[in-house]
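To start, the structure itself, in structure tokens.
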Amino acid sequence: MNHPDEWLEDRIRFKAKQYNLPTRQTRFFHDWPVKVQGFITETIASRKIGTPVLLAYQSRELWSLVGTRMLIGADQGQLQCVGYPSIESIASRDYPPKNWMELGLAEAGRLKTSWKHLLVTAKSGNELVFWVPPGPEAFSLWNILLMLARMAD
């Protein structure tokens with residue numbers, strides 16, 4: 001990825017606004033309270049994430065941060081990170097369920113908007129799980145990450 005951080009941040013912000021972000025749980029990093037920013041900054045200090053741009057946050061144990069160089073997050077306190085050039089694929093971990101053929105249309109629609117985890121497969125074959133807020137925010141973050149991974153190729 002040869003673009004400067006400023007350009008990537010502008011692109012992430014532009015895409016986020018297209019997807020009607022920020023919302024209650026997904027906001028631009030600097031729009032979060034100083035207490036949250038401080039905790040995240042302290043947690044990611046040794047990582048080379050670039051500029052922190054978009055933070056999906058529920059608690060200290062459950063969050064994901066889109067930086068200009070990397071995705072980093074905690075799920076149940078376990079920290080995961082992946083650089084965009086290393087991403088092979090991104091999918092929902094929870095949808096479709098194994099019994100999706102047996103579900104009615106209404107049930108399938110409800111489940112489609114209730115999943116809370118992205119499964120990121122690295123080119124090395126490692127699978128990493130990142131928490132995302134359910135519903136439109138999950139799809140928005142997924143699409144922003146796809147954009148960043150494609151730009152990194």
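Both backbone and side-chain heavy atoms feed into the values below; hydrogens, waters and symmetry mates do not. By convention here, the first residue in the shown sequence is residue 1.
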**Asked** What is the minimum heavy-atom distance between Cys81 and Leu128, and which atoms define it?
**Response** O-CD1, 3.7 Å
**Trp142 to Ser92 - nearest heavy-atom pair and separation** = CH2-N, 3.6 Å
**Message:** Tell me every residue that passes salt bridge (Lys or Arg N to Asp or Glu O under 4.0 Å) with Asp5, counting only those two or more places apart in sequence or in another chain.
**Reply:** Arg69
Say whether, by atom type as modelled, one donor and one acceptor occur between the side chain of [X] and the main chain of [Y] under 3.5 angstrom.
X      : Y      : answer
Asn126 : Ala122 : no
Thr68  : Thr51  : yes
Ser140 : Pro136 : yes
Gln58  : Pro133 : no

Could you list who else is in [X]'s hydrophobic cluster, with ILVMFWY side chains joined at under 4.5 Å, directly or through other members?
X      : result
Leu62  : Trp131
Trp32  : Phe29, Val36, Phe39, Ile40, Ile44, Ile49, Leu55, Tyr57, Trp63, Leu65, Met70, Ile72, Leu79
Leu119 : Val129

Donor-acceptor pairs under 3.5 angstrom involving side-chain atoms of residues 11-20: please list them, not counting sequence neighbours.
| from | atom 1 | to | atom 2 | distance (Å) |
| --- | --- | --- | --- | --- |
| Arg13 | NE | Glu9 | OE2 | 3.2 |
| Lys15 | NZ | Gln18 | OE1 | 3.2 |

**Counterpart residues, side-chain contact (heavy atoms from CB on, under 4.5 Å), relative to Thr23 (two or more places apart)** = Leu21, Thr26, Glu137
**Validation row: Leu141, Phe130 side chains within 4.5 angstrom (heavy atoms)** = no
**Request:** Evaluate the side-chain proximity of Leu145 to Leu118: yes if any heavy-atom separation is below 4.5 Å, no if none is.
**Result:** yes
To the nearest 0.5 Å, how far apart are [atom1] in [X] and [atom2] in [Y]?
X     : Y      : atom1 : atom2 : answer
Leu71 : Tyr84  : CG    : OH    : 5.5 Å
Leu54 : His30  : CG    : NE2   : 11.5 Å
Glu88 : Glu127 : CD    : CD    : 11.5 Å
Asp75 : Lys116 : CG    : NZ    : 10.5 Å
Lys35 : Gln37  : NZ    : CD    : 13.5 Å
His3  : Leu148 : NE2   : CG    : 10.0 Å

